[in-house]
Structures are given as C-alpha cells and as structure tokens.
Amino acid sequence: MNIAIIGVGQAGGKVADAVLEYESNSRTDFVTQAVAINSAKADLLGLRRVPVEKRILIGQSRVKGHGCGADNELGVRIAEEDLDEVTAAVDDVPLHEVDAFLVVAGLGGGTGSGAAPVIARELGRLYTEPVYGLGLLPGSDEGGIYTLNAARSFQTFVREVDNLLVFDNDAWRKTGESVQGGYAAINEEIARRLGVLCSAGEVDDGPVPESVVDASEIINTLAGGGVTTVGYANAHLDRPARGIFGRREAAPDETEVVNRISTTVRRATLGNLTLPANVKSTERALLIVSGPPQYLSRKGVEDARRWLEDETGTMEVRGGDYPIPDSEYVAALVVLSGVTDVPRIKELQEVGRETQRNLEERAAERPEALRNLVWGGEGGIDPLF
Ligand SMILES: Nc1nc2c(ncn2[C@@H]2O[C@H](COP(=O)(O)OP(=O)(O)OP(=O)(O)O)[C@@H](O)[C@H]2O)c(=O)[nH]1
C-alpha cells in the first residue's frame, strides 16, 4: 500500500522521518510523499529525511515559529488559518500512486494534537482516498494537561479519519531510558510496523507471496472506522552465513516452521500491541507473516489465521505472507481493527475529565482570589490612578 504521510507537530515529523529511514534501510518503497507540518521552526530544522521543501511552518503570525506550548485549541486555530499552505504541500502528490493518506501526531501537545484532526478533515474533503490517522498517546507521567489534550484530540481525530491507529507511548517506554533515546526506539518500532504493513503487497522484484496482502486487503480491514492496534513479534533464525555462492542451507523442518509461525503470531497478538486492548473486542483483523520463503508455510499461516479468528471471535480475519529471502527473522504483524475494549483510553478519559474539572474550578475561584491579593480585601487601599 502506497501512502502519503503527513507528520504534524514534533512527534509527527519525527515519526515521518523514521518511516523514511526505515524505507531506505529496508530498500522498500511505499512512501509516495512525506510532508511535515509544524508551528515550531526548530523542530522542522531538526528533521533529517523529510524533504526541505515539504517542511511547512504554520501559525507564524501568531506564534512566530515557537510552537503552541501544549495549547491544542491554538493548534486547531492556526491549522484552520493556514490550511491553504498545508493543502498546497500535498497538492502535487501523484494520486495514481497513493492508496491512502496517513496523518501522524502526538496527541498530548499543542500543534499536532490540535492541527492533525483539522488537516485530516480537509484531506477527507479534498480526496477520495482513505485518510488514516496515527495518534501517539502521552505517557501517564507527562501530567494532567497532556492527558486532557490527548483525550480531547483523540475523540476529534477518530471522528475525522477513516480509522485511527493508536500507539501508546506509556506501554512502550522502558524504565531508565532517556526521553530522547526512548522516543527514538519507539519511533523505530512504529516505522517497522508501518513498513511491514505497507510494503507487504508492494513486491515488484523478488519472490511473489503465496497469498498477497495488497492495498485493498488493508483498506477493507480498516473500513468501518474506529480505533486500531497493531501487534508485532519476530523470531530469530539460526541461518548459516551467506557465502560467495549464496547460503548452503538445508530445507527447514515443516513442523518447526509451522510452530514458529504459530508462537510468533501469538506473541504479536497477546503481548506486543501498540495499544493494549482486549482482542475479543476486535471487529476485523489482518495477519502478515514475513520471512525467507522456505520458512513461510501456507499451513503455518492458515493455522495462525484460524487461531486469530478464535482468539478475536471475528470471522473477518485476512491473512497473507511477505517473503523476504535474505531475512534472518520470521515476523508476524497483526492488525486488530475496530477494538472497543481499551482500558488505557478509559484511564485517559478519566484523568482528562478530572483535569478539566480542576481547571474549571480554579478559573472560577481565581478572580476573587486575585482581587483579594491585589486590593487587600475589605476596606482596601485606593489605586494611584
Ligand atoms: N512516539 C513519540 N512520541 C513523542 C515524540 N516526541 C513527543 N512525543 C509525544 O507527543 C506529545 C506531543 O509532543 P510534541 O509532538 O512535541 O508537541 P507538538 O505537537 O509539537 O506541540 P507543541 O510543542 O505544543 O507546539 C508528547 O506529549 C509526547 O507524548 C517522539 O519522538 N515519538
């Protein structure tokens, strides 16, 4: 599936960068266009892969290139005001080469959180191709205002896209990691998952899959909207080193091949989701198993697909393989679309609601408290003029 990726805000831009990096390292080709939108000039300058002419600074008249400071209502406003510049950057996208748009943003800040849903709505109005979102949830230690931002943006973003893929930073941050180092690893993880999903059906040279996962399989899995979580796991293969005549490798044992696929798919589904969710609440699913062709068996993929049907309780489970001859891994990617039982979202809304209440109470008390402070209360002192 070929995509046009639009990274909004700092996190969105960095994820777009990471996807381009993955594409280059894995010698795949699924990004037709990459654009970064931000109100902070420094963030745009810090990108490495998004072409310079596709880095668009918005809101200059209001925030002078310094970002929205976690004010996502401001993010909404500047995106609405500068929408023409955003759409102009996407204008020259070769539509015959694009199957879908993907708008990516961190939902906890100001620019991405506010502007991404506005941009998604406009793309949906202008183009017939589906517009998907990728929303990054803030860590629970980031504080109330980030959580409230994310809760508000989440519901708006879901409404404006054809499906929202969600990645929970909280579930992925390892203890002891620096924030920057942690994000780099998270962004690589996101890029790998998007990369496998989008490039699986785009094999121009190399071996043809037994069962191809093309763009329409992905689009049908994501049809119906709502929220999607993506699982991924891999198993390292002990393959002999590549010599000048290629690899001298005995045919792998069929039972082992089938078992390896089965355990990898289980690990991807049950312990490695971008957004932990009750898999029983899935509406539709898609499974891609990748690896060297001799390590991919039709029976293995079929058995795993049936297991996924039982596990999710839905009959709508698509599946396919993605042969990568030189890979050292068998990997499984599982897309669970339309999940409805997601404890992390409930928690986010709970904390968001509490934060909103707290802010409203404070705002109501403030005029009186400030009057007391400045005028000295009853029988106050007269001002100078
Ligand atoms: N996965 C991931 N998340 C990030 C990254 N950087 C920031 N975040 C998350 O995204 C949220 C939003 O942060 P930013 O993207 O920096 O904010 P912004 O959209 O640029 O908005 P302003 O800085 O307020 O203008 C943060 O609360 C983090 O949870 C990143 O590189 N990767």
Side-chain angles (χ1 to χ4, degrees), residues 1-3 19 22-32 97-100 102 130 132 165 191-223 228 230-237 239 242 246-247 249 251-269 272 284-309 312 315-337:
M1 178 163 86
N2 290 313
I3 58 168
V19 171
Y22 172 92
E23 196 190 31
S24 154
N25 292 343
S26 61
R27 281 181 231 110
T28 49
D29 183 14
F30 58 91
V31 179
T32 307
E97 288 174 26
V98 169
D99 299 304
L102 181 69
Y132 302 124
L165 284 70
R192 181 178 311 125
R193 290 172 191 224
L194 282 178
V196 172
L197 178 65
C198 296
S199 56
E202 301 299 320
V203 273
D204 294 334
D205 44 7
V208 178
E210 291 234 3
S211 169
V212 185
V213 178
D214 57 19
S216 61
E217 304 275 0
I218 302 171
I219 290 169
N220 288 339
T221 303
L222 298 177
T228 288
V230 181
Y232 177 87
N234 61 26
H236 186 255
L237 300 167
R239 302 186 75 189
R242 209 169 197 286
R247 279 186 217 262
E249 189 173 30
D253 177 70
E254 169 73 7
T255 316
E256 255 180 53
V257 166
V258 171
N259 287 346
R260 188 182 293 109
I261 292 174
S262 156
T263 42
T264 313
V265 171
R266 280 165 201 250
R267 277 174 42 229
T269 313
N272 270 312
R284 296 185 184 89
L286 173 74
L287 165 68
I288 299 170
V289 183
S290 73
Q294 63 273 39
Y295 290 87
L296 302 177
S297 86
R298 179 181 273 274
K299 176 172 169 15
V301 178
E302 254 318 296
D303 285 0
R305 205 188 54 74
R306 263 196 303 274
W307 173 82
L308 202 52
E309 270 182 14
T312 55
M315 290 290 125
E316 207 170 333
V317 181
R318 295 171 169 84
D321 58 306
Y322 175 18
I324 310 174
D326 252 343
S327 177
E328 301 289 334
Y329 295 91
V330 161
L333 184 95
V334 176
V335 178
L336 303 180
S337 170

Kindly indicate whether the side chain of Asp303, heavy atoms from C-beta on, has any atom under 4.5 Å from the side chain of Val258.
yes
Between atom OG of Ser297 and atom CD1 of Ile261, what is the distance when rounded to the nearest 0.5 Å?
4.5 Å
Looking only at heavy atoms, which two atoms of Val301 and Gly320 are closest? And how far apart?
CG1-O, 4.1 Å
Across all chains, not counting sequence neighbours, the side chain to side chain donor-acceptor pair (under 3.5 Å) partners of Asp253 are none
For a side-chain contact (heavy atoms from CB on, under 4.5 Å) check, start with the C-alpha distance between Leu197 and Ile218, then their side-chain angles and the critical distance, and finish with the verdict.
CA-CA 8 Å; Leu197 178 65; Ile218 302 171; 4.0 Å; yes
Check whether Arg284 reaches the backbone of Leu336 with its side chain - one donor and one acceptor, N or O, closer than 3.5 Å.
no
CZ (Arg266) and OG1 (Thr263) are apart, to the nearest 0.5 Å, by 8.5 Å
Mind checking whether Pro323 and Pro292 have side chains closer than 4.5 Å, heavy atoms only?
no
What heavy-atom pair brings Arg239 and Ser327 nearest, and what distance separates the two atoms?
NH1-O, 2.9 Å
Nearest heavy atoms of Trp307 and Thr269, plus distance in Å:
CZ3-OG1, 3.5 Å
Kindly determine whether Ser290 and Tyr329 satisfy side-chain contact (heavy atoms from CB on, under 4.5 Å), including the steps that lead there.
CA-CA 8 Å; Ser290 73; Tyr329 295 91; over 6 Å; no
Donor-acceptor pair, Arg193 side chain versus Val334 backbone, under 3.5 Å?
no
Closest non-hydrogen contact found for Thr264 with Ala233 is CG2-O, 3.2 Å
Does some side-chain heavy atom of Asp29 sit less than 4.5 Å from a side-chain heavy atom of Glu202?
no
Looking only at heavy atoms, the pair that brings Gly201 and Val212 closest together is CA-CG1, 4.1 Å
For the residue pair Met1 and Phe30, establish whether any side-chain heavy-atom pair is separated by less than 4.5 Å.
no
Kindly give the heavy-atom pair with the smallest separation between Leu286 and Gly319, and that separation in Å.
CD1-N, 4.4 Å
Quick one: does Glu256's side chain get under 4.5 Å of Glu254's, heavy atoms only?
no
Do Asp99 and Ile3 touch side chain to side chain, with heavy atoms closer than 4.5 Å?
no
If we ignore angles and hydrogens, is there a donor and acceptor under 3.5 Å between the side chains of Tyr132 and Thr228?
no
Test side-chain contact (heavy atoms from CB on, under 4.5 Å) on Val230 and Tyr232; report intermediate values, then the result.
CA-CA 7 Å; Val230 181; Tyr232 177 87; 5.7 Å; no
Which value, rounded to the nearest 0.5 Å, describes the distance between Arg318 atom CZ and Ser211 atom OG?
11.5 Å
Do Leu165 and Val335 have side-chain heavy atoms sitting under 4.5 Å apart?
no
Taken to the nearest 0.5 Å, the spacing of Tyr22 OH from Arg27 CZ works out to 12.0 Å
Has the side chain of Glu23 got a donor or acceptor atom that lies under 3.5 Å from a matching backbone atom of Val31?
yes
Let me see the working for Ile288 and Asp321 under side-chain contact (heavy atoms from CB on, under 4.5 Å), right down to the final yes or no.
CA-CA 5 Å; Ile288 299 170; Asp321 58 306; over 6 Å; no
Return the CD to CG distance between Glu309 and Leu287, rounded to the nearest 0.5 Å.
11.0 Å
Do the side chains of Glu302 and Arg305 get close enough for a salt bridge, i.e. N-O under 4.0 angstrom?
yes
Is there a side-chain contact between Ile324 and Tyr322, using heavy atoms and a 4.5 Å cut-off?
yes
Is the side chain of Thr28 donor-acceptor paired with the backbone N or O of Gly195 at a distance under 3.5 Å, no angle test?
no
